[in-house]
There are 2 protein chains.
Amino acid sequence: MVSTPVSITARCPIRTTLELVGGKWRLLILHQLRGGALRFGELRRLLPDISEKMLVQELRHLTDAGLLVRHNFGEVPPRVEYELTEAGRFALPLVEAVASFGQQYQRAVVSHERPDLTQA
Amino acid sequence: MVSTPVSITARCPIRTTLELVGGKWRLLILHQLRGGALRFGELRRLLPDISEKMLVQELRHLTDAGLLVRHNFGEVPPRVEYELTEAGRFALPLVEAVASFGQQYQRAVVSHERPDLTQA
DNA sequence: ACCATTTCTTACCTGTAAGTCAGTACCTGC
DNA sequence: GCAGGTACTGACTTACAGGTAAGAAATGGT
């Protein structure tokens, strides 16, 4: 053993977050689940323009990441629910921050035509 | 005038934010500029694995969005600085939230192998 | 017998994000 | 007089996010 090969990578936390919840849909899914568990079909109705394929795929990603739990009731026709885990609920303040920044920016853009954001 | 055609779109604030600062690089750029203006070359050095093309492109996007100002000193060799605007500084808490969530998640992942995040 | 419902898979395709690389213009230092 | 730094631009290419559409499996209703 010549040198110490411990975790060279020293992951950037911003990149970590982007890998977890980056992309077009994940924050929106987490946001919809803020109030409690939802069935697959309910999520699809709440996110009108997501394709089924993407919804399945993103739900699976979030579940693998430990932010969601999947409840399969084993019934037929299928009945499945998704719910935030403890870690998932931990992401809610982040979702809130994203939403609130978007709101402020929108307001600033309608009042002036270039964002100012000086006044809350 | 039969109906009132005012702004059907009612933009989702989360989507707005994603369009503004979504993607692989924009949050990282904003983060680097948190302490004040930086030259193009300094940013390139601070973000080792961004390509010059992407850096130019993303700086331009953020400038067009009103989050950055570009200072061209008109010297030769070229000397250009980028700085957060008021609106850009408004995004810093968001960047912080993203970074801190990533940190918590990382810590949770190293201790258990599935994120828990119960203990701060 | 047939159709609808529900969650999910699979194959295929498109568009855009991102990367590579070369070149430009002007000056300084050697 | 040529290499080197500086902030770009543009052409070309690759990778991947995302969309479309079809179908599977099991059951209940008519």
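Just so we're on the same page: letters track the sequence lines, and every chain starts at 1.
Between B:Lys24 and B:Asp49 there is no salt bridge, since none of the side-chain N atoms of the basic residue sits less than 4.0 Å from a carboxylate O of the acidic one. Ion pairing of A:Glu19 with A:Arg26 is absent here, as no side-chain N (NZ or NE/NH1/NH2) approaches a carboxylate O to less than 4.0 Å.
With a 4.5 Å cut-off on side-chain heavy atoms, B:Arg89 and B:Glu86 count as touching. A:Val69 has its side chain out of reach of A:Thr63: every pair of non-hydrogen atoms, C-beta onward, lies at least 4.5 Å apart.
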Practice item. Treat primed atoms plus P, OP1 and OP2 as sugar-phosphate and everything else as base, then score nucleotides 1-22 of chain D 5' to 3': B for base contact with protein heavy atoms under 4.0 Å, S for sugar-phosphate contact only, - for none. Key: ----BBSBB-B------BBB--
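Rounded to a whole Å, the CG atom of A:Leu38 is 15 Å from the C1' atom of C:dT7.
Among residue pairs with one or both ends in residues 30-39 of chain B, none qualify as salt bridge (Lys or Arg N to Asp or Glu O under 4.0 Å); sequence neighbours excluded.
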